[in-house]
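Since the structure comes first, as structure tokens, the remarks are kept for the end.
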Amino acid sequence: MPVDFSGTWNLTSSDNFEGYMLALGIDFATRKIAKILKPQKVIEQEGNSFSIQTTSTFRSYFVQFKIGEEFEEDNKGLDHRKCKSIVTWDNDKLVCVQTGDKKNRGWTHWIEGDQLYLELRCEDQVCTQVYKRA
Ligand code: ECB
């Protein structure tokens with residue numbers, strides 16, 4: 001049985017989101033707003049199909065994918081750069097590689113207890129976020 005990420009998750013902590021946003025070239029004003037947000041994630045997982053809705057009072061972002069199938073990602077409302085993304089399992093971790101203009105871009109999700117972890121990577125920056133089950 002694979003891990004089930006389905007559910008509603010609220011951000012409780014974020015480490016080095018500033019560094020991650022700087023690596024993505026996000027402007028000062030947007031970073032100042034973005035860093036105080038407390039986004040909520042709603043994840044739906046059905047077999048190999050996933051959708052992840054990240055919602056905040058400022059911007060929201062939706063993505064859906066199937067494990068092992070490359071898809072075009074537009075990062076609309078974020079840095080707007082297009083990339084080719086693919087998500088695979090690494091044991092119980094969900095690993096996304098986002099190939100495009102930025103080196104080493106991607107993210108990893110995993111669960112520990114009732115907490116959802118998200119590591120966001122871009123170039124030499126790593127942001128680690130923790131979400132608690134709502
Ligand atoms: C969507 C809530 C955050 C909005 C931040 C607004 C402006 C900052 C602009 C760019 C910063 C780059 C990324 C923002 C960080 C998180 C948004 C989604 C991160 C992500 O890729 O989540 C994955 C894994 O859960 C699914 O899209």
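In listed order, ligands and their atoms are each counted from 1.
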Residue pairs meeting side-chain hydrogen bond (donor to acceptor under 3.5 Å, both in side chains), one or both in residues 125-134, sequence neighbours left out, come to Ser14-Gln129, Asn16-Gln125, Asp114-Lys132, Gln129-Tyr131

[X] bridged to [Y] by N-O distance under 4.0 Å:
| X | Y | result |
| --- | --- | --- |
| Glu73 | Lys82 | no |
| Glu72 | Lys84 | yes |
| Asp74 | Lys76 | no |

Take Trp107 and Glu119, measure what side-chain contact (heavy atoms from CB on, under 4.5 Å) needs, and give me the verdict at the end. CA-CA 5 Å; Trp107 52 259; Glu119 182 182 279; over 6 Å; no

Checking side-chain polar atoms at under 3.5 Å, does Arg105 have a donor or acceptor matched by the opposite partner on Ser85? no

Could you check ligand 1 for N or O atoms lying under 3.5 Å from protein N or O atoms and list the pairs with distances?
{"residue": "ligand 1", "atom": "22 (O)", "partner": "Lys41", "partner atom": "NZ", "Å": "3.1"}
{"residue": "ligand 1", "atom": "25 (O)", "partner": "Lys41", "partner atom": "NZ", "Å": "2.7"}
{"residue": "ligand 1", "atom": "25 (O)", "partner": "His109", "partner atom": "NE2", "Å": "2.7"}

